[in-house]
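Encoded as structure tokens, the structure appears first; notes follow it.
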Amino acid sequence: MDTKDIILDLRTKKGLSQEELADKVFVTRQAVSRWENGETIPNIETLKLLSKFFDVSINTLLGSPQQLVCKCCGMNLEECNISKETNGDFNEEYCKWCYSDGNFTLDFWKQYIKIGGIEKFEEFKNQIINEFNSILGIEGLPKIENLNVLSGSFINLEYILPNGNVVKFLDDKASYLGSELECEFGGDRCFGIAANMDFLLICTYEKDGKNPELVMYKKR
């Protein structure tokens with residue numbers, strides 16, 4: 001739907017007149033009428049007020065013109081999983097699992113934001129990407145273009161050692177830079193990569209992480 005239809009629909013569901021909605025977001029009734037006729041769209045400050053009042057994202061108010069992606073974990077953002085600030089405003093850069101009530105939830109992300117900010121964090125990510133791409137001899141592993149911040153509990157797979165023992169290499173309570181990549185040769189298995197300040201890990205597995213095999217664990 002277009003913005004004009006979305007605002008009309010949301011207002012109608014709330015049982016408000018144009019004048020009542022105008023009072024809620026500090027504009028005139030004529031302004032609301034122009035929005036709903038498609039003559040204009042609200043400015044950014046008014047969009048923020050409408051977003052908070054209707055409890056929908058600005059992206060939704062604008063007719064979802066772009067696919068939002070969490071800048072932390074890379075998840076596609078939908079209305080149901082967009083994060084919020086402490087005042088209830090939507091933060092359309094992160095999912096609610098990576099960012100909640102004004103704070104990042106994953107320790108890895110928080111650590112680098114605290115130390116050097118977003119730019120330093122991106123520099124570190126690029127450094128890890130370059131280190132992965134410098135590794136030779138792993139057939140089928142494609143070039144790595146991006147890494148996301150992932151929870152250890154989500155990617156901490158169990159590997160069976162030659163002696164039959166089962167081992168995990170990650171910490172469920174920590175977070176890591178990682179990604180999933182399809183094998184260049186196709187097939188049922190894909191690559192999983194993970195890293196932090198101390199190591200690089202490459203593994204393969206089937207759908208849903210089944211039958212994982214460790215390919216490489218390298219200290220940095």
Side-chain angles (χ1 to χ4, degrees), residues 69-78 80-83 91 93-101 103-116 118 120-220:
V69 177
C70 176
K71 291 185 177 180
C72 184
C73 69
M75 173 185 290
N76 288 336
L77 295 179
E78 307 293 343
C80 61
N81 62 16
I82 297 176
S83 64
N91 184 323
E93 294 189 339
Y94 307 104
C95 73
K96 64 183 181 181
W97 294 286
C98 292
Y99 187 88
S100 178
D101 292 329
N103 287 297
F104 292 101
T105 60
L106 297 178
D107 63 313
F108 204 99
W109 181 265
K110 287 190 292 185
Q111 180 179 358
Y112 279 90
I113 295 300
K114 182 178 180 181
I115 291 173
I118 296 289
K120 290 295 183 182
F121 182 77
E122 291 300 322
E123 287 179 11
F124 181 74
K125 279 184 22 175
N126 289 331
Q127 180 182 343
I128 294 294
I129 289 171
N130 291 335
E131 289 182 27
F132 271 121
N133 286 331
S134 69
I135 297 169
L136 303 176
I138 300 179
E139 294 186 356
L141 179 65
K143 183 179 180 181
I144 296 160
E145 303 288 348
N146 188 36
L147 294 172
N148 299 311
V149 180
L150 303 173
S151 169
S153 61
F154 179 68
I155 62 173
N156 197 8
L157 304 178
E158 293 184 339
Y159 303 94
I160 300 176
L161 300 179
N163 62 8
N165 291 336
V166 175
V167 63
K168 288 185 174 183
F169 290 94
L170 307 182
D171 181 350
D172 285 349
K173 296 181 180 179
S175 50
Y176 303 87
L177 289 174
S179 185
E180 180 179 275
L181 303 129
E182 293 183 2
C183 178
E184 291 182 323
F185 305 140
D188 297 330
R189 299 184 71 81
C190 59
F191 285 97
I193 60 174
N196 64 9
M197 289 182 289
D198 300 319
F199 70 86
L200 305 177
L201 181 150
I202 301 175
C203 67
T204 67
Y205 48 79
E206 297 172 3
K207 185 178 179 180
D208 298 326
K210 294 180 179 178
N211 300 318
E213 294 181 5
L214 184 65
V215 176
M216 187 206 75
Y217 183 91
K218 177 183 177 182
K219 290 288 186 179
R220 297 186 64 239

Nearest 0.5 Å please: distance from the [atom1] atom of [X] over to the [atom2] atom of [Y].
X      : Y      : atom1 : atom2 : answer
Leu201 : Met216 : CG    : CE    : 7.0 Å
Glu206 : Glu213 : CD    : CD    : 8.5 Å
Tyr217 : Leu200 : OH    : CG    : 9.5 Å
Asn81  : Cys98  : CG    : SG    : 10.0 Å
Phe169 : Cys203 : CZ    : SG    : 10.0 Å
Leu214 : Ile160 : CG    : CD1   : 12.5 Å

| said: Could you go through Leu177 and Val149, starting from their C-alpha distance and side-chain angles, then the distance that decides it, and tell me whether this counts as side chain to side chain contact (heavy atoms under 4.5 Å, CB included)? | reply: CA-CA 5 Å; Leu177 289 174; Val149 180; 3.9 Å; yes
| query | Run the side chain to side chain contact (heavy atoms under 4.5 Å, CB included) check on Asn146 and Lys125 step by step: do they pass? | reply | CA-CA 8 Å; Asn146 188 36; Lys125 279 184 22 175; 3.8 Å; yes
So does [Y] get a backbone contact from the side chain of [X], meaning a donor-acceptor N/O pair under 3.5 Å?
X      : Y      : result
Ser83  : Asn91  : yes
Tyr176 : Asp171 : yes
Lys218 : Ile202 : no
Asn126 : Glu122 : yes
Asn163 : Asn165 : yes

Counting heavy atoms not belonging to [X], are there more than 12 under 6.0 Å from its [atom1]?
X      : atom1 : result
Lys168 : NZ    : yes
Asn130 : CG    : yes
Phe199 : CZ    : yes

| message | With heavy-atom distances below 4.5 Å as the criterion, would you say the side chains of Asn196 and Arg220 are in contact? | response | no
| field | Validation row: Leu147, Phe124 side chains within 4.5 angstrom (heavy atoms) | value | no
Side-chain polar contacts of residues 132-141 - donor-acceptor pairs under 3.5 angstrom, sequence neighbours left out - could you list them?
{"from": "Asn133", "atom 1": "OD1", "to": "Ile144", "atom 2": "N", "distance (Å)": "2.8"}
{"from": "Asn133", "atom 1": "ND2", "to": "Ile129", "atom 2": "O", "distance (Å)": "3.4"}
{"from": "Asn133", "atom 1": "ND2", "to": "Ile144", "atom 2": "O", "distance (Å)": "3.0"}
{"from": "Ser134", "atom 1": "OG", "to": "Glu131", "atom 2": "O", "distance (Å)": "2.7"}

| remark: Taking every heavy atom of Cys183 against every heavy atom of Arg189, the minimum-distance pair comes out as CB-O, 3.8 Å
| remark: All heavy atoms of Pro212 vs all of Tyr205, minimum pair found to be CA-CB, 3.9 Å
| note | Sorted by chain and number, sequence neighbours left out, salt bridge (charged side-chain N to carboxylate O under 4.0 Å, His left out) with Glu93 holds for Lys71
| task | Determine, step by step, whether Ile155 and Glu180 satisfy the side chain to side chain contact (heavy atoms under 4.5 Å, CB included) criterion, reporting the C-alpha distance in whole Å, the side-chain angles of both residues, the deciding distance to 0.1 Å, and the verdict. | result | CA-CA 10 Å; Ile155 62 173; Glu180 180 179 275; over 6 Å; no
